[in-house]
2 protein chains.
Amino acid sequence: MTIPDKMKAFVLTGHGDMDKLVYHTDWPVPVAGKGEVLIKVNACGLNNTDVNTRTAWYSKGVSENTTGGAFDSADDDDATWGGAPITFPRIQGADVCGTVVAGPDSLMGRRVLIETWMRDWNDPLNMAKTGYFGSECDGGFAEYVKIDQRNVHAIDSTLSDAELATFATSWVTAENMLNRANVTDGDIVLIPGASGGVGSALIQLANRRGATTIAMASRSKHDAVAGFEPDAILERAPDNLKKGLRQVIGRDTVSVVADVVGGDYWPQLIDVLDRGGRYTCAGAIAGPMVELDLRTFYLRDLTFTGATIVPPGLFADLVGYIERGEVKSALAATYPLERLHDAQRVFIDKKHTGNIVVTMT
Amino acid sequence: MTIPDKMKAFVLTGHGDMDKLVYHTDWPVPVAGKGEVLIKVNACGLNNTDVNTRTAWYSKGVSENTTGGAFDSADDDDATWGGAPITFPRIQGADVCGTVVAGPDSLMGRRVLIETWMRDWNDPLNMAKTGYFGSECDGGFAEYVKIDQRNVHAIDSTLSDAELATFATSWVTAENMLNRANVTDGDIVLIPGASGGVGSALIQLANRRGATTIAMASRSKHDAVAGFEPDAILERAPDNLKKGLRQVIGRDTVSVVADVVGGDYWPQLIDVLDRGGRYTCAGAIAGPMVELDLRTFYLRDLTFTGATIVPPGLFADLVGYIERGEVKSALAATYPLERLHDAQRVFIDKKHTGNIVVTMT
């Protein structure tokens with residue numbers, strides 16, 4: 001096939017409001033270098049990373065407990081997930097399902113997923129040398145992307161391109177959280193924010209390990225969340241979480257909290273952990289600043305693990321789960337690329353359950 | 001030898017100020033039951049646990065960032081380290097060095113240390129069934145104590161009784177913290193509160209593992225802290241911790257923070273952790289309520305570990321370190337038992353460096 005010179009792309013021009021995301025129809029198609037693969041994007045999922053980077057939510061100078069609108073006080077030197085400045089213009093979008101159009105014969109024409117963590121392959125475990133696809137390089141809100149061949153995973157699946165574009169960030173993040181917390185079949189896992197991409201993945205991946213799962217979500221989403229088959233569902237923020245737990249599992253503590261929410265409710269999440277319990281976190285959509293009682297923390301021998309950079313190998317595990325049908329996609333809605341603004345507004349509103357994806361066709 | 005019926009003892013009569021610690025000269029000597037050992041106490045070290053339990057600092061209802069005086073608002077149902085109510089009268093004091101006067105032949109007449117964690121020996125790893133010597137049962141601020149034989153460790157050492165009474169709580173706690181944080185010879189360990197019992201133990205035990213140690217302490221204590229041989233010493237709370245670190249180790253981050261301080265300065269401690277860094281905590285002498293930025297926590301893949309209940313086996317390791325001379329006691333002062341009030345006032349003032357011990361002779 002012929003590869004054009006120009007493509008459709010949504011380009012982030014700076015930190016700010018939605019108007020910083022600018023649609024182009026004549027953006028240069030990237031050229032794959034040595035060891036790289038050029039992929040025609042079929043679908044690309046949305047993630048909090050896109051919004052957080054645009055609004056500079058990651059910046060140390062920002063402590064508002066909201067997503068969006070915080071960029072006025074942002075320090076641009078510390079505005080990405082990794083604490084480094086971002087280079088503009090930048091095409092965001094990490095969760096790509098596409099077709100290889102230039103690269104090694106073994107991959108040509110294959111449907112592929114992109115492992116989103118870009119490593120220094122001479123030093124792959126060095127977290128300081130790890131970048132994120134769509135943040136430290138251009139991502140998938142465009143018709144074409146290029147990426148190191150070692151990040152490209154061919155996949156055999158009956159799922160659609162849009163369904164396959166729901167996994168890369170949120171599912172890998174969720175599986176990494178469960179690894180960081182050593183979740184096994186003896187655990188009771190409480191999952192705040194269960195209706196989101198990571199939350200719905202946490203339910204399924206913890207169930208896959210045989211753990212007991214308790215989802216927390218707004219009442220309006222309980223039917224949708226039930227589709228991910230948690231063992232129990234609670235409201236988003238019960239007045240008395242211990243009482244709520246007693247009602248659904250007959251005890252008022254859990255062994256693990258797997259959180260992407262944070263916010264004012266956070267101390268209640270910590271307070272229901274068993275002695276020796278584990279808290280793992282990969283986000284703070286309700287606000288990053290939380291109040292910790294060190295007495296609860298040390299006297300109960302708790303373990304807290306942050307979960308961002310995912311070790312090599314985990315993405316391949318996930319591809320296996322998908323190919324064997326052990327997990328199911330939680331596709332909430334698709335939008336054409338041109339309507340990324342609308343897609344992101346719906347995404348930020350958090351009224352949906354599961355993942356939102358833009359498609360290129 | 002003849003065991004008397006009555007003994008000298010300091011008895012805690014309730015939560016409150018120092019007047020709740022009442023000296024008796026005719027308190028009943030405990031009677032060792034089956035499987036128990038009776039020990040004549042030679043010396044008993046002071047710990048924050050004594051003060052925190054008396055003042056009900058552990059109580060959830062208390063959030064003042066001070067030690068002492070908080071008991072007015074305490075909830076007595078949650079007033080011990082383990083979250084359970086304490087029974088009065090209670091003899092406190094955990095760090096006993098004594099001589100066995102009743103028990104099995106193998107221990108009779110031996111100088112011994114007491115392992116302070118009391119376990120259900122049918123279920124020794126169950127944290128919910130673990131008690132603390134001098135908290136859930138009577139301890140060593142008295143002439144005699146009884147304890148399960150499995151908690152009694154004979155020791156061969158040239159150290160004095162008072163020196164040997166500095167180890168049981170703070171050193172075991174410190175070693176447990178280093179285990180929880182997986183400290184090895186590649187680590188740089190920052191130690192706030194380095195002048196205290198746990199802090200000075202952390203320096204020596206981290207050095208023993210080959211780690212680089214940076215002690216933080218008030219300037220007036222730097223000479224004394226230098227005696228524990230940290231690789232560098234900083235002030236208690238430098239205005240700019242990163243700058244302070246650069247000056248002494250040529251870099252502005254560390255891999256491990258081993259903390260018993262907490263308080264308002266806490267966010268700065270977390271902010272100097274490397275990506276993938278570890279924070280371990282066994283106390284919060286400057287205040288338990290701290291502000292955590294979940295972004296720092298999860299985006300840097302940090303691991304936080306609380307360290308209270310110590311696994312079986314660690315105490316025996318410590319006895320080995322002492323017997324082989326691998327660690328040295330940090331005895332700051334001794335007081336006769338009758339002057340426990342004075343000893344505890346000095347202890348609370350925190351102007352000393354190392355451990356304070358009461359002796360029975």
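So that the names make sense, note that chain A is the first sequence line, chain B the second, and so on, each numbered from 1.
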_For chain B, the option from A:D274, A:L292, A:T303 that forms the most heavy-atom pairs under 4.5 Å_ = A:L292
_Winner by heavy-atom pair count (cut-off under 4.5 Å) against chain A, out of B:T280, B:T308, B:N176, B:T305_ = B:T308
*Can you see which heavy atom on A:L294 is nearest to which on B:G287, and at what distance?*
CD1-O, 4.3 Å
_With a sphere of 6.0 Å drawn around CG of A:D239, does it hold more than 12 non-hydrogen atoms of other residues, nucleotides or ligands?_
no
_Is B:L302 in contact with chain A via its backbone, its side chain, both, or neither, using a 4.5 Å heavy-atom distance?_
backbone
_Validation row: A:T130, B:R275 side chains within 4.5 angstrom (heavy atoms)_ = no
*Kindly determine whether A:Y58 and B:L299 satisfy side chain to side chain contact (heavy atoms under 4.5 Å, CB included), including the steps that lead there.*
CA-CA 9 Å; A:Y58 296 119; B:L299 292 167; 3.3 Å; yes
*Would you call the rings of B:Y298 and A:W57 parallel, tilted or perpendicular if under 30° counts as parallel and over 60° as perpendicular?*
tilted
*Going through the checks in order, is the side chain to side chain contact (heavy atoms under 4.5 Å, CB included) test met by B:M289 and A:R295?*
CA-CA 8 Å; B:M289 305 309 296; A:R295 291 171 298 193; 4.0 Å; yes
*Top contributor to chain B interface from A:A128, A:G306, A:G262 [non-hydrogen pairs under 4.5 Å]*: A:G306
*asked:* When you compare the side chain of B:M127 with that of A:D301, does any pair of heavy atoms fall below 4.5 Å?
replied: yes
_Side chain, backbone, both or neither of B:R180 within contact of chain A (heavy atoms, under 4.5 Å)_ = side chain
